[in-house]
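The next block holds one structure in the form of structure tokens; read it before the comments.
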Amino acid sequence: MTRLVELDPAKFVRFLADLWTQRNWQTNVQPRGEGRYLVQGQRGDGTKGLMLVLPAVEMTVETEHVKGFVAHAKKRGVDTVVVATQGEFADAVRGFTTSHDVTLFDRDELGETVADEGLEQTVKQYTDGEVFETAEVEFGLPFDLPEPVEEALASLPIAAARERLARLLGDRGGDGGGGDSGGGGGESGSSGDGDGRSGGWKSVGNTLRDGLPSSVGDLKSGSPPSVRVVVVAVLLLVLALGFVAVLGPMVDGLGGPTGGGGGGDEGGVAVSALSSASADSADVVARWNARTTDTLQVGNRTYAAPEGERFVVIGLNATAGGDAPGTLPESALAFETDGVSYGYQPLSNATGFRNGGLFAPDERAHVWTVFSVPTNATTGTVFVRPTSEDTVAFVHDRSVSTDPNDED
């Protein structure tokens with residue numbers, strides 16, 4: 001079984017937000033305390049997404065962990081609701097979320113998504129180059145089937161089951177699903193049912209068919225223990241139900257097909273923002289928007305990005321979140337892309353933080369900053385450096401101006 005490698009909790013959250021930004025979502029990440037994070041997503045067509053992330057590896061997610069979140073998401077009319085963890089989901093959670101149209105992702109399911117959609121390079125940004133870990137079931141005892149089960153399996157038409165399984169799974173993909181699943185061309189493959197991954201079902205079906213034994217004797221003598229367990233489970237399902245049930249494709253809670261996202265413009269860098277506090281507790285609340293450009297006009301001066309780079313312009317409408325003034329100096333902002341963090345790009349005789357980064361309560365101030373990033377950057381995250389004295393909650397708002405000449 002292929003699963004995603006364990007990631008540092010903060011990197012796991014940024015990885016999930018990155019997957020959404022690659023699917024043309026504008027995202028905000030907000031810590032919610034007790035090791036929980038919310039990833040808010042919105043698309044240009046008004047589609048809303050909300051993801052609860054519980055990144056602890058040792059955690060078992062129970063129903064009480066997700067009930068309030070699901071109720072909140074449904075009340076807000078969220079279109080795509082996701083719960084993700086590096087731990088495990090209790091069986092009761094899977095039943096509850098299925099009935100409420102909520103998608104679950106653990107490391108096994110995320111590993112399948114990464115493999116199916118060719119997203120290995122995205123994962124490598126957050127690791128030392130490793131993407132998957134393979135977990136195999138090990139047994140120290142000889143493998144013997146209980147006599148009633150062995151007799152029942154011996155009476156099964158295993159050869160027919162092999163072909164039936166491969167045919168049903170193969171039909172899921174159809175012959176038209178041979179699109180490139182690597183994601184490099186902006187599409188992850190398509191087929192008659194439009195799930196973007198069905199082209200791989202035929203291959204899966206053939207693999208299972210070839211892996212099933214021709215007889216129970218072959219099963220007992222020729223297969224490693226971990227394979228035998230899987231095969232017996234499949235055969236018992238056939239025995240119990242009288243047919244092979246093929247589940248539909250996993251709901252793509254991470255959004256639509258991979259494509260060239262942008263910070264407000266086609267082909268630009270898809271930008272997300274990582275808050276250091278929730279909006280109701282942050283020292284500064286910053287509503288933000290972003291765009292990508294090769295040149296920047298400030299007054300009567302034009303600034304060109306350095307060779308091999310382009311500008312990401314961030315506009316912010318900020319205000320103090322409490323009764324006291326809040327501070328967010330330009331130097332506290334950073335932009336991370338492809339695992340590299342960049343400070344703001346100084347411009348000669350121009351600044352977007354004329355107020356010095358001091359924001360009064362209930363008084364909105366418009367500021368802007370610019371980062372210079374490599375031209376091949378496709379996604380990036382704005383965040384506040386850990387050395388910042390005040391916490392900041394970022395809220396994406398497409399109405400915020402990214403033109404340095406606007407007073408907003």
Side-chain angles (χ1 to χ4, degrees), residues 7-42 49-56 82 84-86 122-123 125-127 254-255 261 263-264 269-292 312-318 321 326-344 357 367-371 373 377-398 400 402:
L7 299 176
D8 173 81
K11 289 183 177 180
F12 182 67
V13 177
R14 294 209 303 273
F15 161 68
L16 293 171
D18 199 1
L19 290 188
W20 256 2
T21 58
Q22 290 186 53
R23 289 158 176 77
N24 299 328
W25 294 84
Q26 289 283 359
T27 60
N28 280 304
V29 179
Q30 294 189 1
R32 305 300 288 181
E34 300 178 354
R36 300 175 300 143
Y37 296 81
L38 279 183
V39 180
Q40 298 174 318
Q42 185 167 344
L50 194 61
M51 186 188 319
L52 172 65
V53 186
L54 305 162
V82 182
T85 185
Q86 292 194 99
T122 301
V123 180
Q125 297 177 23
Y126 302 95
T127 68
L254 294 176
V269 179
V271 180
S272 60
L274 180 62
S275 301
S276 55
S278 60
D280 55 0
S281 62
D283 297 308
V284 176
V285 177
R287 308 189 73 84
W288 67 276
N289 198 14
R291 67 181 171 97
T292 309
V312 175
V313 185
I314 309 293
L316 304 105
N317 288 344
T327 58
L328 176 59
E330 188 174 17
S331 60
L333 293 171
F335 189 88
E336 180 178 297
T337 179
D338 291 334
V340 179
S341 296
Y342 298 85
Y344 77 95
V367 295
W368 57 269
T369 189
V370 60
F371 300 93
V373 302
T378 57
T379 64
T381 302
V382 180
F383 65 96
V384 177
R385 299 181 187 277
T387 54
S388 176
E389 295 182 0
D390 286 355
T391 57
V392 179
F394 290 105
V395 179
H396 183 243
D397 185 343
R398 291 180 181 273
V400 174
T402 57

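Residue indices begin at 1 and follow the sequence shown.
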Hey, are the side chains of [X] and [Y] touching, using non-hydrogen atoms and a 4.5 Å cut-off?
X: Leu333; Y: Leu328; value: yes
X: His396; Y: Trp288; value: yes
X: Leu19; Y: Trp25; value: no

Nearest 0.5 Å, what's the [atom1]-[atom2] distance between [X] and [Y]?
X: Ile314; Y: Tyr344; atom1: CD1; atom2: OH; value: 15.0 Å
X: Ser276; Y: Phe383; atom1: OG; atom2: CZ; value: 11.0 Å
X: Leu38; Y: Thr27; atom1: CG; atom2: OG1; value: 12.5 Å
X: Leu52; Y: Thr85; atom1: CG; atom2: OG1; value: 9.0 Å

If only atom types and distance count, is the side chain of [X] paired as donor or acceptor with the main-chain N or O of [Y] below 3.5 Å?
X: Arg32; Y: Ser278; value: no
X: Asp8; Y: Ala10; value: yes
X: Thr337; Y: Thr379; value: yes
X: Ser275; Y: Val29; value: yes

Work out which heavy atom in [X] is nearest to a heavy atom in [Y]; give both atom names and the distance.
X: Gln42; Y: Arg398; answer: O-NH2, 4.2 Å
X: Ala84; Y: Leu16; answer: CB-CD1, 3.6 Å
X: Gly315; Y: Thr402; answer: N-CG2, 4.0 Å
X: Ala377; Y: Val269; answer: O-CG2, 3.6 Å

